Amino acid sequence: MNTVQKFVRSLFGTEDKTPEKEPWVEYLEGKIAFNKDLIKEVSAQRMTYKEKQAEQEKAGEQFGINYAMSIQNADAIIRSAELEITGWEAEIRTGKFKGYY
């Protein structure tokens, strides 16, 4: 909302009561949304790896793509993204922005 709109609303007693978000809050909310999308994408890949690993084991194949390693990598990405989200949500909740990312 621009300054003129705020002034007009204050004249007529219709001042907007919702506080504006600080830029760093919007920034962190964007990063949280990105990480949530990343978690969904990597989780879908992980399920594909699990299915292919099961097919490979069912066929008795001992050689080929190492799906177990891909699953571990997916788990690590998910865990890391979840930890970042937890930290960012705590910063928003407490109002204490660490100022680096």
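These figures come from a predicted structure and were not determined experimentally.
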Fill in: Ile78 versus Ser43, closest heavy-atom pair with distance
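Here Ile78 and Ser43 meet closest at CD1-OG, 3.5 Å.
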Applying the side-chain contact (heavy atoms from CB on, under 4.5 Å) criterion to [X], which one of [options] satisfies it?
X     : options                    : answer
Thr48 : Lys50, Lys52, Gln45, Arg46 : Lys52
Glu82 : Ile39, Ile77, Asn35        : Ile39
Tyr49 : Asn73, Asn66, Ile71        : Ile71

At what distance, to the nearest 0.5 angstrom, does [atom1] of [X] lie from [atom2] of [Y]?
X     : Y     : atom1 : atom2 : answer
Phe34 : Leu28 : CZ    : CG    : 14.5 Å
Ile32 : Asp37 : CD1   : CG    : 12.0 Å
Trp88 : Lys31 : CH2   : NZ    : 4.5 Å
Glu57 : Tyr67 : CD    : OH    : 11.5 Å

Practice prompt. Check for a donor-acceptor pair, side chain of Ser80 on one end and backbone N or O of Ala76 on the other, with a separation under 3.5 Å.
Written response: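 Here the side-chain-to-backbone pair does not exist.
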Worksheet entry | For Glu29, all residues meeting side chain to side chain donor-acceptor pair (under 3.5 Å), sequence neighbours excluded |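 Listed in chain order: Lys21.
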Fill in: Same cluster (ILVMFWY, side-chain, under 4.5 Å), Val42 and Leu83
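Shared cluster, no.
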Worksheet item: Which of parallel (below 30°), tilted (30 to 60°) and perpendicular (above 60°) describes Phe97 and Trp24?
Response: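 The rings of Phe97 and Trp24 lie parallel, inter-plane angle below 30°.
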